[in-house]
Amino acid sequence: MTCTIFYSTEMPNERAQVMGTPPRKAMRWAVDYVVKTPDGRTVVENQKTIQHATFDELRQIMDHTIGAIGDEVGNVATFVSWRATAHGGKKKGGKRK
């Protein structure tokens with residue numbers, strides 16, 4: 001099971017695009033994000049790992065993270081995007097004999 005969530009301020013209705021099935025349980029997420037200012041420079045380009053977060057918790061964590069970065073740059077960001085990916089889940093079944 002792999003689930004990838006992509007969010008960008010340039011997407012219609014500011015809705016995240018979800019590829020794959022969101023996990024029902026808390027998973028480990030690898031997150032990349034970028035924040036740019038009006039002059040075109042990249043303020044933040046970073047990676048982080050979020051341990052044991054559900055799909056809904058992940059969105060809340062990223063909203064808080066991006067909000068804190070926005071406060072640092074004076075809320076003048078012209079572009080924000082982030083991508084989170086979770087891999088895992090155990091396959092059901094066993095070896096065939």
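FYI, the numbering just counts along the sequence from 1. The shown structure was predicted, so the numbers you read here are calculated from the model rather than taken from an experiment.
Each of M62 and V34 belongs to its own hydrophobic cluster when Ile, Leu, Val, Met, Phe, Trp and Tyr are linked at side-chain heavy-atom distances under 4.5 angstrom.
In this structure, the side chains of F79 and E10 come closer than 4.5 Å at one or more pairs of heavy atoms. Residues M27 and L58 form no side-chain contact, since every pair of their non-hydrogen atoms from C-beta on lies 4.5 Å or further apart. Residues I5 and W29 form a side-chain contact, since some pair of their non-hydrogen atoms from C-beta on lies under 4.5 Å apart. The shortest distance between side-chain heavy atoms of V18 and F55 falls below 4.5 Å. In this structure the side chain of T49 never reaches within 4.5 angstrom of the side chain of V31, judged on heavy atoms.
Residues P23 and C3 come closest through the heavy atom pair CD-CB, 4.1 Å. When all heavy atoms of T78 and T37 are compared, the pair lying nearest together is OG1-O, 3.3 Å. Contact record, E57 with H52: OE1-O, 4.1 Å, taken as the closest heavy-atom pair. Closest of all the heavy-atom pairs between V35 and I66 is CG2-CD1, 4.3 Å.
In this structure, the side chain to side chain contact (heavy atoms under 4.5 Å, CB included) partners of T2, at least two apart in sequence or on a different chain, are T4, T85, H87.
Taken to the nearest 0.5 Å, the OG atom of S81 stands 10.0 Å off from the OH atom of Y7.
For the residue pair T54 / D56, no side-chain donor-acceptor distance below 3.5 Å is found, with atom types taken as modelled.
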